[in-house]
Amino acid sequence: MHYYQFHIGDYKSHTHHLSHYEDLAYRRLLDFYFLHEQPIKHRDIARQIGMRDHEEDVMTVLNEFFISTPEGFVNPRADKEIKQYKEFSAAGKRGAAKRWGTPPDEGANSPPNATPIATNNHKPLTNNQEKKALGKRLANDFSFPLEWEQFCKETRPELHPTRTFDQFKDYWIAQAGQKGVKLDWFATWRNWVRTTNAPKQNPADIVRLTVPSKNEPDPALEKIKADEKKAAPMPDYIRQFAKQMKGGV
């Protein structure tokens, strides 16, 4: 589709909480979705809409206004508009075929300066109604699922899974309003892992547990020294006896 109607009032009422970059990302994602008429693949989408330096804002909008599926992110409201447009276009082709004798598969004829065919006026292309029923916030006592940890280890082995989850949990619990409500928290976690700059594993942490650094004393040697200080000195009569026994031998 190269044309769709835009209802300013409804759009504003549903997107007033977005930041400037999130709002820009949403408008560009809608244009991209209508133009290509297919699910949006998360890979490289920020670059394709000219926002490669704001990938986090793009993913936030995708998680809030689109639904993650195996084929990619979809927008049910936009899909409905696209379907209506195709049905309207197909009906126009059939009408042209009857009127002008044009085969239906060749497209509808229209006057050179005809006004573009508009879709019905619509509310913002969001699925807020569905999310109000199905979406939920991340609970304060939500624990780190094993499946989530495994995904982090397999996808980004350089990350520290527990620290990454703590960062993820603190961030989303602190989000106010609709932004903190998600339909699929596992999908949100997967996107976070793919794009985050969370703390990474430090191989040196493992070495420090077993091998002391050059500036640190050896614990075993320090213990021997301490034991020597605690030991009582040898009595003189035992020292003399030992000396006599040594001389006799």
Side-chain angles (χ1 to χ4, degrees), residues 1-15 18 21-100 102-135 178 182-184 187-188 190-191 194-195:
M1 289 178 62
H2 297 278
Y3 174 85
Y4 65 92
Q5 287 192 354
F6 183 76
H7 196 288
I8 299 175
D10 286 341
Y11 178 88
K12 183 177 180 181
S13 67
H14 287 78
T15 60
L18 298 180
Y21 284 115
E22 289 172 349
D23 183 79
L24 177 62
Y26 186 29
R27 291 302 307 275
R28 291 188 178 183
L29 286 170
L30 283 179
D31 291 345
F32 185 93
Y33 195 92
F34 274 110
L35 183 62
H36 296 278
E37 300 181 7
Q38 62 184 7
I40 295 176
K41 306 293 184 181
H42 78 273
R43 179 184 298 177
D44 213 26
I45 183 59
R47 184 186 66 82
Q48 293 183 49
I49 64 174
M51 298 186 68
R52 70 171 71 201
D53 295 330
H54 301 280
E55 186 172 2
E56 183 177 346
D57 295 313
V58 174
M59 296 310 300
T60 296
V61 171
L62 279 175
N63 282 318
E64 182 171 356
F65 295 98
F66 292 76
I67 296 177
S68 178
T69 69
E71 292 75 29
F73 286 91
V74 300
N75 186 302
R77 189 70 180 88
D79 287 339
K80 183 178 179 181
E81 293 292 337
I82 293 172
K83 181 180 178 181
Q84 291 177 350
Y85 174 83
K86 290 182 177 179
E87 291 174 351
F88 197 96
S89 178
K93 291 178 182 179
R94 291 193 295 270
K98 292 180 180 180
R99 178 176 299 180
W100 307 109
T102 305
D105 58 350
E106 289 189 7
N109 291 329
S110 59
N113 297 320
T115 302
I117 299 174
T119 58
N120 292 330
N121 192 19
H122 60 75
K123 295 181 179 180
L125 304 180
T126 68
N127 54 327
N128 286 338
Q129 287 75 19
E130 293 84 354
K131 289 190 176 182
K132 286 181 180 178
L134 301 177
Q178 189 65 26
K182 300 299 176 185
L183 186 67
D184 187 342
T188 306
R190 294 196 299 268
N191 292 328
R194 295 186 186 107
T195 61

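For reference, positions follow the sequence shown, starting with 1.
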Can you measure from [atom1] ([X]) to [atom2] ([Y]) and round to the nearest 0.5 angstrom?
{"X": "Arg28", "Y": "Asp23", "atom1": "CZ", "atom2": "CG", "answer": "11.0 Å"}
{"X": "Arg27", "Y": "Leu18", "atom1": "CZ", "atom2": "CG", "answer": "12.0 Å"}
{"X": "Ser68", "Y": "Leu183", "atom1": "OG", "atom2": "CG", "answer": "9.5 Å"}
{"X": "Leu29", "Y": "Ile40", "atom1": "CG", "atom2": "CD1", "answer": "5.0 Å"}
{"X": "Arg190", "Y": "Thr195", "atom1": "CZ", "atom2": "OG1", "answer": "12.5 Å"}
{"X": "Glu81", "Y": "Asn75", "atom1": "CD", "atom2": "CG", "answer": "10.0 Å"}

Check: Does the Thr69 side chain pair with the main chain of Gly72, one donor and one acceptor, at a distance under 3.5 Å?
Finding: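 A pair under 3.5 Å: yes.
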Side-chain contact, heavy-atom cut-off 4.5 Å: [X] with [Y]?
{"X": "Phe73", "Y": "Ile45", "value": "no"}
{"X": "Lys80", "Y": "Lys83", "value": "no"}
{"X": "Thr60", "Y": "Tyr21", "value": "no"}
{"X": "Ile82", "Y": "Phe34", "value": "yes"}
{"X": "Tyr26", "Y": "Phe66", "value": "yes"}

Item checked: Partner residues of Asp79 under the side-chain hydrogen bond (donor to acceptor under 3.5 Å, both in side chains) criterion, sequence neighbours left out ->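 Asp79 satisfies side-chain hydrogen bond (donor to acceptor under 3.5 Å, both in side chains) with Tyr33 once adjacent residues are dropped.
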With a cut-off of 3.5 Å and sequence neighbours excluded, list every side-chain donor-acceptor pair involving residues 46-59.
unit_1, atom_1, unit_2, atom_2, d
Arg47, NE, Asp44, OD1, 3.2
Arg47, NE, Asp44, OD2, 2.6
Arg47, NH2, Asp44, OD2, 2.7

